[in-house]
Amino acid sequence: MDTKELLKKVRKIEIKTRRLSDHIFSGEYHTSFKGRGMTFSEVRQYQYGDDIRAIDWNVTARYNEAHVKVFEEERELTMMLMVDISGSESFGSKNQFKKDIVTEIAATMAFSATQNNDKIGLILFSDQIELYIPPKKGRSHVLRIIRELIEFEPKSHKTDVAQALKFLSSTQKKKAIVFMISDFMAEDYEHTLKIASKKHDITGIRVYDIREEKMPNIGMVSMLDAETGETQLIDTGSKKVRLNYEKYYHDKVSYFKETFRKSGSGIVNTRVDESYVTKLLGYFKSR
């Protein structure tokens, strides 16, 4: 992709996702993810309806008039976007690849965090850490994140969720809001998620395509596994083959849901042909 085309794509995603974050998400995001606590702001004269527990007795005595302490929410937080860029993210059947939806969701979350003056960091992962961008604030930083989401080419096409979570725990010493976006066609990450979720507020956003759920009966087909790079001849006409595939797929989905639930982490499931806006808003409101 040349620079002109890339900038055009970045701008298009910015316009769409910024509008969503400005008008829809930033308020819900602010409400759902609280700051670290309250910090002292100022002292002002007591007004009818103020909580008497907030009266500053020293200032009141000095001025012979009731004054109260005013506190503000200590808002600044860190958001970490953990995005799966393995081979399976390139799957798509409804005129849109999973990767496109993943990019839009990540960009929307990043702009929502920016609206609330939070820092945003990025971890792109496969079965290794492909790219790490430390948390920073500002629009130009968000645009860099979007650029990487669009054009970054992974070295590996496999997936290892546990490896990504280990990296999160080792790099983020303070509590962060974490959105892990993947199709979660992985396993063996229960232990690392349990450890990471004790420190961080983690949400798993599973992006999937309806065509992945079942194998169509179309006879002998040469299939490429996007994650291993291997091509195999598959007899889709065999009922046993189709049932084995469905079991494999649903076992992975069940593992994702159970593992995230057990660790106390949040779950969002969104299909590429559904509105991720509706799904995310529903999730924020339920928190």
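Note that the structure is predicted; figures quoted are calculated from it, not measured. Values below: all heavy atoms of this structure, side chains included; hydrogens, waters and symmetry mates excluded.
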Report task. Report the C-alpha distance between Tyr276 and Thr108 in whole Å, list the side-chain angles of each, state the deciding distance to 0.1 Å, and finish with yes or no for side-chain contact (heavy atoms from CB on, under 4.5 Å). Result -> CA-CA 10 Å; Tyr276 65 82; Thr108 303; 4.0 Å; yes
Report task. Please round to the nearest 0.5 Å and tell me the distance separating atom CD of Glu153 and atom CG of Leu131. Result -> 12.5 Å
Query raised in the report: Is it the case that one hydrophobic cluster holds both Ile55 and Val43, taking links as side-chain heavy atoms less than 4.5 Å apart, direct or via other members?
Result: no
Query raised in the report: Does a side-chain heavy-atom distance below 4.5 Å link Arg206 with Val253?
Result: yes
Requested in this report: Supply the atom-to-atom distance Ser275 OG to Leu281 CG, rounded to the nearest 0.5 angstrom.
Outcome: 8.0 Å
Report task. Heavy atoms only: give me the nearest His250-Glu213 pair and the separation to one decimal. Result -> NE2-O, 4.2 Å
Query raised in the report: Are Lys8 and Glu5 within salt-bridge range, i.e. N to O under 4.0 Å?
Result: no
Requested in this report: Taking all heavy atoms of Lys279 and all of Val268, pick out the closest pair and write down the distance.
Outcome: CB-CG1, 4.1 Å
Query raised in the report: Atom CZ of Phe260 and atom CG of Leu193: how far apart are they, to the nearest 0.5 Å?
Result: 5.0 Å
Query raised in the report: Does Lys175 reach the main-chain N or O of Leu77 with its side chain, forming a donor-acceptor pair under 3.5 Å?
Result: no
Report task. Answer yes or no: is there a side-chain heavy-atom contact under 4.5 Å between Asn269 and Tyr283? Result -> no
Query - Criterion side-chain contact (heavy atoms from CB on, under 4.5 Å) on Thr60 and Glu65, from CA distance to verdict - result: CA-CA 5 Å; Thr60 296; Glu65 200 171 12; over 6 Å; no
Requested in this report: Using side-chain hydrogen bond (donor to acceptor under 3.5 Å, both in side chains) as the criterion, point out the one residue from Asp84, Asp209, Asp183 that pairs with Lys98.
Outcome: Asp183
Query raised in the report: About how many Å separate CH2 of Trp57 and NE2 of His67, when rounded to the nearest 0.5 Å?
Result: 13.0 Å
Query raised in the report: How far apart are the closest heavy atoms of His141 and Pro135, and which atoms are they?
Result: NE2-C, 4.4 Å
Requested in this report: Can you see which heavy atom on Leu149 is nearest to which on Lys99, and at what distance?
Outcome: O-CE, 3.4 Å
Query - side-chain contact (heavy atoms from CB on, under 4.5 Å) evaluation trace for Ile120 with Thr114 - result: CA-CA 8 Å; Ile120 306 106; Thr114 298; 3.3 Å; yes
Query raised in the report: Can you check whether Phe179 reaches Met79 side chain to side chain, under 4.5 Å on heavy atoms?
Result: yes
Query - Ser86 versus Thr159, side-chain donor and acceptor atoms under 3.5 Å - result: yes
Query raised in the report: Any cation-pi pair here, Arg242 with Tyr245, using under 6.0 Å and within 45°?
Result: no
Query raised in the report: Should Ile234 and Val241 be marked as a side-chain contact (heavy atoms from CB on, under 4.5 Å) after you check the CA-CA gap, both sets of side-chain angles, and the distance that decides it?
Result: CA-CA 8 Å; Ile234 306 289; Val241 168; 3.8 Å; yes
Requested in this report: Spell out, yes or no, whether Tyr249 and Leu243 are grouped together once hydrophobic residues are joined by side-chain heavy atoms under 4.5 Å, including indirect joins.
Outcome: no
Query raised in the report: Is any side-chain heavy atom of Arg44 less than 4.5 Å from a side-chain heavy atom of Asp50?
Result: yes
**Report entry** pair Ile177-His200: side-chain heavy atoms closer than 4.5 Å
**Finding:** no
Query - Pairs flagged by salt bridge (Lys or Arg N to Asp or Glu O under 4.0 Å) wherever residues 120-137 is involved - sequence neighbours left out - result: Glu76-Lys137
Query raised in the report: Taking everything shown except Lys166 itself, do over 12 heavy atoms lie less than 6.0 Å from its NZ?
Result: no
Report task. Report yes or no: does Thr192 contribute a side-chain atom to a donor-acceptor pair with the main-chain N or O of Leu165 at less than 3.5 Å? Result -> no
Query raised in the report: For the ring pair Phe167 and Tyr132, is the centre-to-centre distance below 6.0 Å?
Result: yes
**Report entry** Lys/Arg-Asp/Glu bridge criterion (N-O < 4.0 Å) met for Lys262, Glu190
**Finding:** yes
**Report entry** Interatomic distance, Glu212 atom CD to Met185 atom CE [nearest 0.5 angstrom]
**Finding:** 7.0 Å
Query raised in the report: Side chains of Val207 and Ile181: does their closest heavy-atom pair fall under 4.5 Å?
Result: yes
**Report entry** Connected via hydrophobic side-chain network under 4.5 Å: Leu143 and Phe152
**Finding:** yes
Query raised in the report: What's the verdict on side chain to side chain donor-acceptor pair (under 3.5 Å) for Gln128 and Gln163, showing C-alpha distance, side-chain angles and the deciding distance?
Result: CA-CA 7 Å; Gln128 59 191 26; Gln163 192 67 27; over 6 Å; no
Query raised in the report: Just wondering, do Ile150 and Thr103 contact through their side chains at under 4.5 Å, heavy atoms?
Result: yes
Report task. Indicate if Ile15 and Ile13 have the same hydrophobic cluster label, given that clusters are the connected sets of ILVMFWY residues with side-chain heavy-atom separations under 4.5 angstrom. Result -> no
Query raised in the report: So, Lys173 side chain and Ser170 main chain: donor-acceptor pair closer than 3.5 Å or not?
Result: yes
Query raised in the report: What distance separates Glu274 CD from Ile101 CD1, expressed to the nearest 0.5 Å?
Result: 10.5 Å
**Report entry** Beyond-backbone contact of Ile105 with Thr270, side-chain heavy atoms, under 4.5 angstrom
**Finding:** yes
Report task. Give the minimum heavy-atom separation between Asp188 and Tyr255, together with the two atoms involved. Result -> N-OH, 3.2 Å
Report summary line: Between Leu81 and Ala110, the two heavy atoms sitting closest are CD1-CB, 4.1 Å
